[in-house]
Protein chains: 2
Amino acid sequence: MENESARETGSSVSPKRRELREKVIESIATTMDLYGVNHSFGQLYGIMYFEDRPMTLEEMKDYMNMSKSNMSYAVRALTESQMIYKLDEKKDRKDQYIAETDFFHTFRSFFGAKLQREVDVMLSSIREVTPDLSEIVLAQQTTPEEREQALRDLHKLQHAEQYYMWLQGFVDRLRDGDPFFGTEASQSGEKEKEAGR
Amino acid sequence: MENESARETGSSVSPKRRELREKVIESIATTMDLYGVNHSFGQLYGIMYFEDRPMTLEEMKDYMNMSKSNMSYAVRALTESQMIYKLDEKKDRKDQYIAETDFFHTFRSFFGAKLQREVDVMLSSIREVTPDLSEIVLAQQTTPEEREQALRDLHKLQHAEQYYMWLQGFVDRLRDGDPFFGTEASQSGEKEKEAGR
DNA sequence: TCCGTTTTTCAAAAAAAATTGAACATAGAG
DNA sequence: CTCTATGTTCAATTTTTTTTGAAAAACGGA
C-alpha cells in the first residue's frame, strides 16, 4: 500500500518545485488561519489547489502525514465552505475530493457562509431581545432613568437590525455573483470555471 | 478601589436589561469568534458597544472579571482592527477606549484589515515564487514533463495574482466606503461617525 | 446477504491558544 | 527629577482546540 500511494501520488513533483509550492501553500494556510480556519486544513486545501485532481482520504493522509480520521474532519470543514467538492463517483471504493481553484469562487462561498451565519445569529438575538426592551420602555412602572437607558439600547438594536438587513442583501449579492462586485474584471478564465468537477 | 469602580461603572443597568444585553453580547462574541477573534475579546467589544462611553482598562477588567494584562492584549487587538479607539485624553492617568458602534464601519475596518493582510501575504509569496517557476519552464535542461507541470503551476499563480489584484481593489473600495457597496441605504447615522475620538 | 474495506465518531493525548501574576517600562503629577 | 500608578511584556499555568487510534457505522462488490 505504500507502493500504491506512491504510484497514485500523480505527477511527481521535482524537489525545487515542491519547495516553491510549499511557500505558496504555507501562505494559503496562513491566510485561512486569519479567518479562523485550522492551519492544517488550510494546508490541505493548498495541496489540493496545486494538485488539481481528485484526491482520496488516503492520499491526503500521506501528503499531510496525519491520521485519516483528521483528514475526514478536514474534508468535512472544507466541503462545508465549498473550498473542495466531493465527487459523485468513487475510485476503488474511495471517496474523491477536488479543490475549487477559482479563488473568486472560494471567496464568495467562504464569506457567504460565514456572513450568513453572522446575520442569522445576530438577527435572531436582536429580534429576541427587542420586544422585552420595548416593554421596559413602555411600562408604566419603569423609572425615567431606566426608560431613557432602555431606549438608548433599543435604538442601538434598531440601528444594528438595519445594518444586518443590509448585510443580508450584501450576502445575497455576493452569492449570486452580482456584477455589482466587479467580478468580471478579475475573472479572465471564467469559462472553464464550472466545468471541471 | 472596589468603590471607585462601582461609582464609575456609569449608569447602572437593571438586572433584566443586563440579561437582555448579555444575550446580544454573547451573539456578538460568537460572531467575532467565527472570524478567528478570541471569544473574550469579542465579549469585551460587546460590553463596550452597549456601554458607549470611554472605558479604562480597570473598568474592563472589572466587567470581564479578568486580569488587566489580558485586557491590555484585548484592547490592542480591538484597536488594531479599529473596533475600538483609544482616546487622546487620559482620565486620571488612565488610558480611555471607546467602541465604534457603527457596525458598517466595523465591517469595513475589520475586513479591510484582514483582507489587506491576505493580499499582502499572498501577493508576496506569489511574486517570490513566480520567477523561479518561470526559470524552470524556460531552462533548456528541464524535461518536457516537468516543464508542462511547471507551466501549469505558473498559470495557476498568474490566475491567483489577477484575483489578488482584484481583491486589492475591492479592499480599497471597501475602505473608502465606495458607494459601490450600497452603503448609503444602511447608514442613517453617518454624520457623527468620525467625530467622537 | 455477507465480507472486506472505507468513513465517521468518540474519548484520550498532544499541541496550541488564552489567561495570569510578576517584572519591567512608561508616563505624568508634584 | 523623583515617585507612584498605569500599561506592557514575559514565562508559567490553565483552558481550549487539534490530532489520534480504536471502535462503530456505512458502503459496495460478490
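Predicted model only: the values in this text are computed from it and were never measured. In what follows, every chain begins at residue 1, and chains take the letters A, B, ... in the order their sequences are listed.
For A:Ser67, taking side-chain heavy atoms from C-beta onward, the closest of the listed nucleotides C:dT8, D:dT20, C:dT20 is D:dT20. You'll find that the side chain of A:Lys90 is closest to D:dG28, out of D:dT8, C:dA18, D:dG28. Comparing D:dG7, C:dT19, D:dA5 against the side chain of B:Asn38 picks out C:dT19 as the nearest.
Atom CZ of A:Arg93 is separated from atom P of C:dC3 by 14 Å (rounded to the nearest Å). If you measure from atom NE2 of A:His39 to atom P of D:dT18, you get 12 Å, rounded to the nearest angstrom. Put simply, CD on A:Glu59 is 11 Å from P on C:dT7, counting in whole angstrom units. When rounded to the nearest whole Å, the span between CG of A:Asp92 and P of C:dT5 equals 12 Å. Across the protein-nucleic acid pair, A:Lys91 atom NZ and C:dT6 atom P stand 13 Å apart, rounded to whole Å. Look at NZ on B:Lys94: it is 11 Å from P on D:dA5, rounded to the nearest Å. Regarding A:Lys86, its NZ atom lies at a distance of 11 Å from the C1' atom of D:dA26, rounded to whole Å. Distance A:Leu87 CG to D:dC27 P: 17 Å, rounded to the nearest Å.
The closest side-chain heavy-atom distance from A:Lys23 to A:Glu26 is not below 4.5 Å. Looking at A:His39 and A:Thr30, their side chains come closer than 4.5 Å, going by heavy atoms from C-beta outward.
Electrostatic pairing of A:Glu59 and A:Arg53 counts as a salt bridge here, judged by a charged N lying under 4.0 Å from a carboxylate O.
The aromatic rings of A:Phe103 and B:Tyr163 sit perpendicular to each other, their planes meeting at more than 60°, with 30° as the lower class boundary. Using bins of under 30°, 30° to 60° and over 60° for the plane-to-plane angle, the ring pair A:Phe170/B:Phe107 lands in the perpendicular bin.
Base contact: A:Asn70 has a heavy atom under 4.0 Å from a base atom. Counting any heavy atom pair closer than 4.0 Å across all strands shown, A:Lys68 reaches a base atom. Residue A:Thr56 is out of contact with every strand shown, counting any heavy-atom pair closer than 4.0 Å.
For the OP1/OP2 pair of D:dT19 and a distance below 4.0 Å, the side-chain nitrogens and oxygens of A:Asn65 include no atom meeting the criterion. Not one side-chain nitrogen or oxygen of B:Ser69 sits closer than 4.0 Å to the OP1 or OP2 atom of C:dT19.
If you find the closest nucleotide of DNA chain C to A:Asp33 and to A:Asp95, the one lying nearer the 5' end belongs to A:Asp95.
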